[in-house]
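Since the structure comes first, as structure tokens, the remarks are kept for the end.
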2 protein chains.
Amino acid sequence: MPFKAVVFDAYGTLYDIQSVAAVTEQAFPGHGDIITQIWRIKQLEYTWLRSLMQRYVDFAVVTRDALSYTLRILGLQADAATRDRIIAKYLDLDPYPDARAALAAMKDHRLAILSNGSPAMLDSLVKASGFDAPLDAVISVDARKIFKPSPQAYALIEETLGFTPDEVLFVSSNPWDVCGAKAFGLNVAWIERVTPDAMAAACNKTDLVAPLTLFKALRSQMDELGFAPDYRIAALSELPEIVAKHEP
Amino acid sequence: MPFKAVVFDAYGTLYDIQSVAAVTEQAFPGHGDIITQIWRIKQLEYTWLRSLMQRYVDFAVVTRDALSYTLRILGLQADAATRDRIIAKYLDLDPYPDARAALAAMKDHRLAILSNGSPAMLDSLVKASGFDAPLDAVISVDARKIFKPSPQAYALIEETLGFTPDEVLFVSSNPWDVCGAKAFGLNVAWIERVTPDAMAAACNKTDLVAPLTLFKALRSQMDELGFAPDYRIAALSELPEIVAKHEP
């Protein structure tokens with residue numbers, strides 16, 4: 001059976017969240033990497049914790065709060081203009097180099113984003129990258145006031161596009177997102193950007209582990225949550241072939 | 001109004017989870033610290049993610065899964081006996097040095113634990129430390145099949161002890177647990193074991209940040225979740241005075 005739609009996670013999947021490091025490094029020379037890593041981890045944690053606490057605020061607020069935490073614990077001061085400049089990068093993240101071509105190659109399918117991002121953040125992001133043209137829909141979890149991996153978030157795909165989970169290929173680089181989507185019943189492709197061998201080599205290289213390595217240790221490898229992806233790919237560029245194979 | 005009960009988080013609050021590092025270091029010399037840190041972070045993540053995914057398994061399974069993840073990404077092999085020996089330390093964690101005296105000093109109050117731990121894990125832990133004597137109740141979230149900071153977990157205090165949230169002092173060193181308890185309406189004392197100055201100094205000491213420092217950066221400082229504790233204390237030993245002041 002062919003997939004009727006291909007739905008993408010945004011942050012870390014179509015768009016490179018590590019691209020904020022250039023801005024954080026400019027604002028705080030020598031701290032760009034650690035700010036970027038702690039910021040991202042706390043941003044994710046806050047989405048999960050607020051969802052569980054039933055205290056939803058949108059992703060723009062979570063992102064700002066996570067940055068506040070990060071700067072505070074590092075003992076860094078930032079005026080409002082500096083914070084605004086750092087946050088603004090989230091509205092204009094670099095797409096992965098192969099994202100545009102992959103979307104173009106699958107243009108005969110319905111293409112969409114399902115993201116934790118707020119509608120305003122996603123609108124900016126998609127327009128800045130020009131992905132508003134190939135995408136048929138940009139779906140924000142804000143419509144349900146709960147973040148992924150809640151089933152209520154993934155249910156928005158069918159509510160918006162009209163396709164059942166088994167008709168959709170969901171694509172994410174985030175292992176927790178992959179597991180959440182599988183638990184919900186979607187077909188899932190996982191973009192595995194760091195191989196297990198590279199991961200183990202980085203962790204064993206030195207007694208002191210650099211923040212970026214620890215971050216990758218926490219985020220890049222498939223989680224032990226009782227689910228596995230249907231497809232493991234190394235890059236977005238491998239998607240069109242997978243999708244083509246499922247044509248009738 | 002006096003507090004009618006004092007309810008403690010277990011892991012990281014009454015019991016020192018860092019005490020597993022001795023066992024992980026023995027099993028994997030040179031890796032004890034990083035195993036301990038990644039294991040704990042993934043253990044917490046899995047409680048939040050499984051709760052959100054509505055795929056609860058008990059804390060013993062989560063703890064074992066998080067250890068599997070940790071060893072896998074570090075490229076470390078462990079036979080079943082080694083894994084069992086590491087996991088077993090969770091049943092016999094060292095209490096903080098001041099825990100016993102603090103419980104004894106508050107013996108005129110109802111004292112309890114509310115923990116993510118499974119009933120069997122908590123039973124072992126409490127008996128091994130001899131805390132079964134001072135504690136009136138050991139409450140596991142397993143009764144509701146969802147982990148903290150879900151309101152359903154904190155609701156177990158009233159269901160078990162019969163006291164409303166405003167009659168209870170909840171004690172935790174975990175910032176996310178403090179915020180969850182406050183959101184639920186409990187009085188909350190936060191054990192702040194790492195001062196902001198010590199945190200900032202550790203983060204700025206070196207270009208490479210040691211895993212333990214990064215772990216503390218992620219875990220030891222109050223989170224930006226819209227809530228603040230009623231009491232900030234440095235150690236359990238400060239609790240009896242706070243509780244005594246609330247006597248009628």
Side-chain angles (χ1 to χ4, degrees), chain A residues 30-31 34 37-38 41-42 44-46 48-55 57 62 64-70 72-76 146-151 153 176 179-180 183-184 196-197 199-201 203-204 206-211 214-218 220-227, chain B residues 30-31 34 37-38 41-42 44-46 48-55 57 62 64-70 72-76 146-151 153 176 179-180 183-184 196-197 199-201 203-204 206-211 214-218 220-227:
Chain A
H31 290 84
I34 192 166
Q37 306 321 323
I38 296 179
I41 290 177
K42 296 308 286 195
L44 288 173
E45 284 189 3
Y46 288 178
W48 304 330
L49 289 167
R50 282 189 169 275
S51 294
L52 259 186
M53 290 163 65
Q54 302 174 8
R55 298 281 180 166
V57 293
V62 164
R64 191 169 285 271
D65 288 348
L67 179 62
S68 292
Y69 177 93
T70 304
R72 172 162 56 83
I73 62 138
L74 294 172
L76 300 172
I146 194 162
F147 292 103
K148 293 189 282 184
S150 167
W176 56 270
C179 292
F184 185 74
D197 285 351
M199 182 75 260
C203 286
N204 282 295
T206 167
D207 283 344
L208 275 181
V209 173
L214 187 61
F215 174 81
K216 284 182 178 166
L218 294 172
S220 67
Q221 304 296 296
M222 185 45 58
D223 279 311
E224 297 280 344
L225 289 167
F227 294 92
Chain B
H31 290 85
I34 192 166
Q37 307 320 323
I38 296 179
I41 291 178
K42 297 308 287 194
L44 288 174
E45 284 188 3
Y46 289 178
W48 304 330
L49 289 167
R50 282 191 170 274
S51 295
L52 258 186
M53 288 162 64
Q54 302 174 8
R55 297 281 180 166
V57 293
V62 164
R64 190 168 284 272
D65 289 347
L67 180 62
S68 292
Y69 178 93
T70 304
R72 172 163 54 85
I73 62 139
L74 294 171
L76 299 171
I146 194 163
F147 293 103
K148 295 188 283 183
S150 166
W176 55 271
C179 292
F184 186 74
D197 285 352
M199 182 74 260
C203 285
N204 283 294
T206 167
D207 283 344
L208 274 181
V209 174
L214 187 61
F215 175 81
K216 284 181 178 166
L218 294 172
S220 67
Q221 304 295 297
M222 186 46 57
D223 278 311
E224 297 280 345
L225 289 166
F227 295 92

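Just so it is clear: chains get the letters A, B, ... in the order the sequence lines come, proteins before strands, and each one is counted from 1. Computed from a prediction, not measured in an experiment: that's the story for all the values here.
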**Request:** Could you tell me the separation between the CG atom of D65(B) and the CG atom of D223(A), rounded to the nearest 0.5 Å?
**Result:** 10.0 Å
**Asked** What closest approach, in Å, do P151(B) and L52(A) show between heavy atoms, and which atom pair accounts for it?
**Response** CD-O, 3.3 Å
**chain A contact via D197(B) - which portion, at a heavy-atom distance below 4.5 Å** = neither
**Complete:** Taking every heavy atom of A183(A) against every heavy atom of M53(B), the minimum-distance pair comes out as CB-CE, 3.8 Å
**Contacting moiety of F227(B), where chain A heavy atoms sit under 4.5 Å** = side chain
**Counterpart residues, side-chain hydrogen bond (donor to acceptor under 3.5 Å, both in side chains), relative to Y69(A) (two or more places apart)** = none
**Message:** For M222(B), is there any backbone N or O sitting under 3.5 Å from a side-chain donor or acceptor partner on R72(A)?
**Reply:** yes
**Fill in**
Ranking I38(A), L44(A), T70(A), L49(A) by heavy-atom pairs under 4.5 Å to chain B gives rank one to L49(A)
**Asked** Which atoms of I146(B) come close to chain A, meaning under 4.5 Å heavy atom to heavy atom: side chain ones, backbone ones, both, or neither?
**Response** side chain
**Message:** Please classify the contact between R64(B) and chain A as side chain, backbone, both or neither, with a heavy-atom cut-off of under 4.5 Å.
**Reply:** neither
**Item:** chain B contact via I41(A) - side chain, backbone, both or neither, heavy atoms under 4.5 Å
**Value:** side chain
**Complete:** E45(A) meets the side-chain hydrogen bond (donor to acceptor under 3.5 Å, both in side chains) criterion, sequence neighbours left out, with K42(A), R219(B)
